[in-house]
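To start, the structure under review is shown below, and the notes come after it.
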Amino acid sequence: MAPPKVLMVAEKPSIALSIASSISGGQMHSRKGSTDVHEFEGMFIGLPAYFKVTSVIGHVFSVDFPAKYQDWSATDPIDLFQAPIQKTEANPKEKIYALKLSSVLVFKQMMLEERFHRARFSSVTGKDILKAMNCLVEPNKCEALAVDARQEIDLKVGVAFTRYQTGYFQGKYGDLDSRVISYGPCQTPTLGFCVQRYLQITTFKPEKFWALRPHIMVDGYELQLEWERHRLFDMDVALMFQKLVLQDRILEVTDMSEKQESKGRPPGLNTVNLLKIASSALGFGPQMAMQLAERLYIQGFISYPRTESTAYPSSFDFKGTLGALANNPMWGDYVQGLLSDGYHKPQSGTDAGDHPPITPMRSANEDMLERDAWRLYQYVCQHFLGTVSPNCKYIRTKVEFSIGGEFFHCIGLHVTVKGFTSIMPWLAVSEKNLPQFAKGDKIEVSKVELFEGQTAPPDYLSESELISLMEKNGIGTDASISAHINNICERNYVQVQAGRKLVPTALGITLIRGYQCIDPDLCLPDIRGFIEQQINLVAKGEADHSCVVQHVLEQFKQKYSYFVKQIDNMDALFEAQFSPLADSGRALSKCGKCLRYMKYISSQPSRLYCGTCEEVYYLPQKGTIKLYKELTCPLDNFELLIFSMAGPEGKSFPLCPFCYNSPPFEGIDTLFGVSKTGSSGKLGKGTGMPCFLCPHPTCRHSLIAQGVCACPECNGTLVLDPISAPKWRLYCNMCNCLVLLPQGAHRIATTRERCPECDSTIIEVDFNKNTTPLEGGATLHSGCILCDDLLHSLVEVKHGKSFFKRAGRWARARGRGGHRGRGRGLGKMDPKMSFRDF
DNA sequence: GCAAGGTC
């Protein structure tokens, strides 16, 4: 009988590899794939078995709302609290779910008796993995339910608040960048920390203080003494003490003490501490630091870089790790010293039960790595060597003096053992020599300075300080901290300035001040703690999953209702900070209703605002917009605009601001950039009907007038780009297909005529007289770009970049709608056939 | 377009 089969699925590929290596003793066969599979024969519960070890990649499932709730304008955010949720594949591209499901099924069929176990190890080390295999436990459903609970709560709370406040403030103020004004139980308290520091700085009231600083001359050196009172905030009192001291003039040494002190070596390096050092000492942001670390890990220079543990496992091979660095040109001598004199057992640290601390795995020198990677690697090495080095020891001498009834002192520091500070020199204790004193010595003061100083506010919060605060308050995890910081930067709530200091923006400050005046809980770190604590009850099996979720959501729903009710208070702060629409923007084009100029507001989302009609017209985003020759839309009299998408191959197209926001014709089921959702009939911002989708029969800018022929790539229509001269071109109104027309022509225009053979629009080309291909120097030529031999030889199909990200989906959406809007008969021919010669 | 948390 074939040996029983054992399938093991780890949480990530690195752990699958560790498990397989440990159980098989390195004797396994590894198959590459979306996730690697390691196969080998071994022993399972005392019996021979055939193992397959693979992994998922992070969470298999994410959650989201069903389609019905995806339309922002059709859903009241308060309904989201009770909305159903769907599990979706977290990484559909990786096909993890499908692959694992099928392999589990295959395994089930192969196994005579199916059983599920969980190997729960306390660290990713061979010893602990083997130990776990010998005491397998049941999978813990409570822990899985706790993960579900967190996903549901985070989704509903975050999305409800985000949609509400975005909808409320978007488009209300001209100089407010408000594409999305997000809220989240992690990102908002993170922002809160930055703003709290900002408020400390701005509300700081400096105070003057005074300190007595007697100076003495000993052996030709001047020494300044420190006052036991440190400093006083009353000048008259300080002056009085100065007078007393000056009257006495003689200092007496009252006491001398020597103390052996020690500065401890660091514990092992975990991810959070790596990120803090990377930010404060190397100037790398957390994302950059993790990318570098990831690369160093893949190249085998350092161990797995995502860990919370600072304690080394008892089985850690210090000798081997030191040995790997023994010949390093940078630290070789130091390492050999440690190996011969005996390295020290590291400080205990904390064991989070995951990977061991981050350590070097093999030696590298400066030339083998890129500059930044080298600097990070260097730190990992120095830190590791620091952890196994002796502590730094020094003697602290304190000499105490009295004069005029006041007491002063000076401190001397003498390092006896440099220890780990010789490999981490920035942590060194600086030597401070004192002259010889003896108790009872009497010394004349040379000068008694009355130092005047001022208390100063703290600096902006550094990224490194923020990471510490987040860690301390349980905001985010080692894996997500950097994502939250990145988030508040991208949302334009804070900016990273020199020295990686986080400076909140007007938007960030106003938001936090708003929460503070409506419901401070919303931006306090405890909000995360509350959620985590509730979820913990589920994980430990002490409370029912759905009861906890309902309870937490009910609380947040009440907070949400109160927030909505009180939003005016927040808005008052916005009003004070940002300019109302009417005051911002520049006059761009005329409104078709009142015939006055509307203002263009360039901050996101860019839009037009008619001050007379008090109407906002959204525009396509991420490009430039200008007036189109003062032409007007025949339907509504609004002046037309030309929008040019960013980039060298960015298309340009005309649009009417009114039609763009309120498509005038029935049957336009797809809009620029997205399908129009039937139920609500409202437009997403930045989504609408440009002229190239307009079926107006006579307007010269419509699809009918500017459409030339069917797109060879999709169901769309190729349209003349009206301002592409002299690089004339057609672009598809649906996909990113691009067709270059005769270059350098003076003018190219569509005509009202159709090709008798293929029904394409006849175009008229006015060639440049110097480069005209026509005989006898003629410049004017009309024809069909498909059937006219001359024109056909002068056009070229190209693919523009990023016209639409998802051209395929777009084309399908149009396909369902038939050939509507494609002009008279343009859709009849087989588009691929018509471009067969290209 | 929206959260957070996994990992790549």
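Predicted, not measured: the structure shown is a model, and the values here were computed from it. Throughout, protein chains are lettered first and strands after them, A, B, ... in sequence-line order, and every chain is numbered starting at 1.
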Is [X] touching bases, backbone alone, or none of the nucleic acid, heavy atoms closer than 4.0 Å?
| X | value |
| --- | --- |
| A:V63 | base |
| A:Y304 | sugar-phosphate |
| A:R295 | nothing |
| A:Y183 | sugar-phosphate |
| A:Q187 | sugar-phosphate |
| A:D478 | nothing |
| A:P13 | sugar-phosphate |

Specify the residue among A:A90 and A:R179 whose closest nucleotide of DNA chain B lies further upstream toward the 5′ end.
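Mapping each residue to its closest nucleotide by heavy atoms, the 5'-most match is A:R179.
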Could you pick out which residue, A:E294 or A:K156, lies toward the 5' side of DNA chain B when each is mapped onto its nearest nucleotide?
A:K156
From C-beta outward on [X], which listed nucleotide comes closest to its side chain: [options]?
| X | options | answer |
| --- | --- | --- |
| A:A479 | B:dG6, B:dC8, B:dC2 | B:dG6 |
| A:S182 | B:dG6, B:dC2, B:dA4 | B:dC2 |
| A:R306 | B:dC2, B:dC8, B:dA4 | B:dC8 |
| A:C186 | B:dG5, B:dC8, B:dA3 | B:dG5 |

Taking 5.5 Å and 30° as the limits, would you call A:W72 and the base of B:dG1 a stacked pair?
yes
Taking atom types as modelled, find out whether [X] and [Y] have a side-chain donor-acceptor pair closer than 3.5 angstrom.
| X | Y | result |
| --- | --- | --- |
| A:T54 | A:T35 | yes |
| A:T307 | A:T271 | no |
| A:Y173 | A:D571 | yes |

Report yes if a donor N or O on one partner sits less than 3.5 Å from an acceptor N or O on the other, where the partners are the side chain of A:Q170 and the base of B:dG1; otherwise report no.
yes
Output yes when a side-chain donor or acceptor of A:K156 lies under 3.5 Å from a complementary backbone atom of A:A83, and no otherwise.
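Answer holds: yes.
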Please step through ring pair (Phe, Tyr, Trp, His ring centres under 6.0 Å) for the pair A:F169 and A:F578, ending with a clear verdict.
CA-CA 11 Å; A:F169 291 111; A:F578 300 102; 8.8 Å; no
